[in-house]
Structures are given as structure tokens and as C-alpha cells.
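For ligands, and for the atoms within them, numbers begin at 1 and follow the listed sequence. All of these numbers come straight from a predicted model, not from anything done at the bench.
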Amino acid sequence: MYDRILIRYGDLMLKGRNKKQFIQAAVARVKEKVKSEKVTFETAHDRLYIRLNGENAETVMADLDKVSGLSSYSPVVKTGKDLDDIEKSSLELLEKLVKGQKSIKVETKRADKTYPLTSQEISKKIAGKILPAFDGLSADMHHPDLLLTIELRSDAAYLFAEKIQGLGGFPVGTMGKGMALLSGGIDSGVAAYLAMRKGIETELIHFESTPLTPIESAQKVVDIAKKLAVYGMQNRVVLHFFPMRRIHEAILKHVPEPYHITILRRMMMRISQRAAKRRKMFLLINGESVGQVASQTLSSLFVSDRAVSVPVIRPLATYDKNEIVDIAEKIGTYEIAIRPYEDCCQIYVPKSPATKPRDFYARRYETLFDYNEMIEEGLEEMATIIVSEKSELDLVASGFTVKEALIDKE
Ligand code: ATP
Ligand code: MG
């Protein structure tokens, strides 16, 4: 029944100077995402049309739900320009949508100025046919439940009555790049998703301590990355595994216990910054949320940030846990994140972590071991993989350490 899908871009991106570039990126991301081979694409001023050519509209719209930078879309019916055709198609279209709705407005846009009736006349005539056809439906010009739009163009009339909200944000890749610190937990996957949705091309880095931690915890990270890949450029995401064991052990050995987490965080930040710079990225993203745990007080965030010189964004800084969980469920990472395996930060949680750590002490404790060399070594050993939604990566079946499991896959 539907002929095409009309896609509207976000308002914001249509205002700036980069409008053309944003639209190009949005179109490219849509083309990458829509898997059907039947459809064709048509760009018009401030809009994109996907011509279905017989493809199911629902299938295509499910793909669009994963493209950032789209504000909304509507499945569109194409029909003849005669009032009779418009009437018949309108009734058919509304049939499925009218249930539970009390009021409607018909709006006509007439690009074809040769048409013998004015927009208002057409709207009126069609409304006059629709209203008696559906029990209990009345006209409402101000706050209608349903809005039927008729667009008259030279070739045909186009009708739509649904407006589905898009993912919002900006097309991924239009807002620069960043490195997201990804644990196997609930928060950091959501943080990375929000960064991608905001248009940031995001790579992921995970600090792993296999075989001290179970390989299953690294598998969680791969599985979360697979869920995030659908929001990435070309439906993929780059994932780095940094071997953290030695640094972690050095911290446990040399640093006073209340500062274990503080120093571990600072090491993660430093390493991420170095890994990011190698990839020409100058931004870090993590999943911290103010006050969620003892290591996420404002003092802790401050001391973490002092270890690096690039900006650190924390998309979840002000979110409550239940809000984060809602998003994790929506993007499909929640079920993975709650699997029981521990990652490197959970194996030795100090009894009384410093809730007001000081930069001065952190710096002093960091002189107690030579982390620079360990970081450089770790970066040399770091494994980098490209993950897509369909990647088949079974680390658990392949070995006890990430290195073993990834040995042939790099
Ligand atoms: P999450 O659910 O994201 O693990 P959390 O509330 O458990 O968050 P922490 O364990 O304090 O918080 O970690 C804070 C942030 O540090 C995480 O959101 C993540 O960005 C980063 N992080 C923690 N552990 C790792 C790890 N092993 N590898 C990469 N990043 C990590
Ligand atoms: Mg965690």
C-alpha cells in the first residue's frame, strides 16, 4: 500500500552552515542501514524519500530507527490526483490508524498550482467524505489526534497520516571522534550509544585482566559492542582490548588502598587518551554518573580529569540509574550487562575508597611505580578488532585470555 517513506532531518542541523554536509551524511547513513535491495533513494529539499518499490514499509522503518540525525518519518501513499482517488486512498490509509482516535484534521499542500481547487477546498471536500465514514470521528483544527496530509504534485497526490519519531541527534561522524571507555557494565554502553547518537564517531576501549578475570567478562564487552555497532559508521564499531593486568597489579602493590580506584581510573584515562591520540581522536567518553558510587563523587571526577589533557564527556553524569536502565533495555545491552562476570575493576574493590581524593596525593602515589613504560608496552600489545552486529566472536570457546582468543582475528 505504501509507495515511499518520507524522512525529515533534525531541525537544528538545518540551520547551521554545515547543512549540506549534514544532509549528505544523513543520506549516507540511511543508505548503509536500509538493507532491502528493492528500495531506491530520492533526495529533495530538506527531505529524503525512500521509494519502496514493493518493499514492506515496516521493514524499512525498523532500520531507520537506528539512524541518528533523523527527526521523523512517515510512510506515504501515492495516488491519482482526482478527488475520487484521493478520497479512496485516504479512507484506506485511515482505516488502520483511526482506532481509538477521536479527531482529525486534513491539510493539503499544493505544489501543483494548476490544480483546479485550492488547498482549503480540497481539505474540506476530503474531510467531508472521511468524517461520515468513521463513527465518532470529528474535525478538530487545533489539536487533532490524527493529521492527514495531502501533497499535490504534478505527477500524483501523496498522502500520509503517521509521523514516527526518529532517533534524533546528529548523523554519526558529523561531530568529530572520541574514545569511549567501555566496561561490561550497564552504564558505559549507554554512554557510548548517546555519544554516537549525538554524531560522534566513537571507538571503544576496554581494560581487561584475563586470566585474572574470566574471559566471559571480555565476551560481555564484545556482545555489547555488537549492539552498539548498529549506530556506528558503516554499521561497525572499533573495539580495543588493553591488557591491564600488570598495571592493575602494580597499583595493588604500591598504592595505598583508599587510592586504588582513584589511580586505576587515572590510568584508564591516561591510556585512553594515548590510544585515542594514536587514532587522531581528542575526546574521551565514559559512563560515570555523579554520586552513583563512592568513586563517582565530584572530587573523584575532578582528580580523574586531571590525569589527562583532552576533554572528557560523561553523557550520564546527571542521569538516574533507572533512566540509564531504560536506555540500556531499548538498545539491547541490559541483558548482556547484567550477566554475572566481573571485570577488572570489580575484582579488588577496596574496603574504604577515598570519596574525596586529592590530585596532590594521586600524583605522589603515581611516582611509586613506572607506569609510563607499562602503558607503552600495553599499547603495543593492545588488540583491536572491528565489530558488527553479526560478528561471530566466541572468546569463551577460544581460550582463557583475550590475547589467546583474538590471536588469529586481528
Ligand atoms: P559501568 O556500568 O559503565 O561499568 P559503573 O557504574 O560500574 O559503570 P565504574 O565501575 O566506577 O562505574 O566505572 C566508571 C566508568 O569507567 C565506566 O562507566 C566506564 O566508562 C569506565 N570503566 C570502568 N571499568 C572499565 C573497564 N574495565 N574497561 C573500560 N572502561 C571501564
Ligand atoms: Mg562498572
Using 30° and 60° as the class boundaries, would you call the ring planes of His206 and Phe241 parallel, tilted or perpendicular?
perpendicular

Could you tell me which atoms of ligand 1, counted from 1 in the order shown, lie closer than 4.0 angstrom to a heavy atom of Leu182?
28 (N), 29 (C), 30 (N)

Under 4.0 Å from ligand 1, counting heavy atoms only, is it the side chain of Gln296, its backbone, both or neither?
side chain

Quick check on Lys124: does its NZ atom have over 12 non-hydrogen neighbours (other residues, nucleotides or ligands) under 6.0 Å away?
no

Using a strict 4.0 Å cut-off to heavy atoms of Asn286, name the atoms of ligand 1 that fall inside it.
20 (O)

How far apart are the C-alpha atoms of Tyr319 and Asp326, what are their side-chain angles, what is the distance that settles it, and do they pass the side chain to side chain donor-acceptor pair (under 3.5 Å) test?
CA-CA 11 Å; Tyr319 281 47; Asp326 284 350; over 6 Å; no

I need the atoms of ligand 1 closer than 4.0 Å to a non-hydrogen atom of Gln292, numbered in the order shown.
6 (O)

Determine whether more than 12 heavy atoms belonging to other residues, nucleotides or ligands lie under 6.0 Å from atom NZ of Lys78.
yes

Tell me whether Ile186 has any N or O atom under 3.5 angstrom from an N or O of ligand 1.
yes

Any N or O on Leu181 sitting closer than 3.5 Å to an N or O of ligand 1?
yes

Is there at least one pair of N or O atoms, one from Ile285 and one from ligand 1, spaced under 3.5 Å apart?
no

Is Tyr361 atom OH crowded by more than 12 heavy atoms from other residues, nucleotides or ligands, each under 6.0 Å away?
no

Any Arg265 heavy atom less than 4.0 Å to ligand 1:
yes

If we check side chain to side chain donor-acceptor pair (under 3.5 Å) with Ser74, which of these qualifies: Arg8, Glu162, Lys163?
Arg8

Compare all side-chain heavy atoms of Leu148 with those of Lys105 and state whether any distance is below 4.5 angstrom.
no

Hey, is ligand 1 close enough to Ser188 that some N/O pair sits below 3.5 Å?
yes

Ring-ring centroid check Tyr9 Phe22, cutoff 6.0 Å
no

Is there a heavy atom of Ile205 sitting under 4.0 angstrom from any atom of ligand 1?
yes

For Glu288, atoms of ligand 1 separated by under 4.0 Å from a heavy atom:
14 (C), 15 (C), 18 (O)

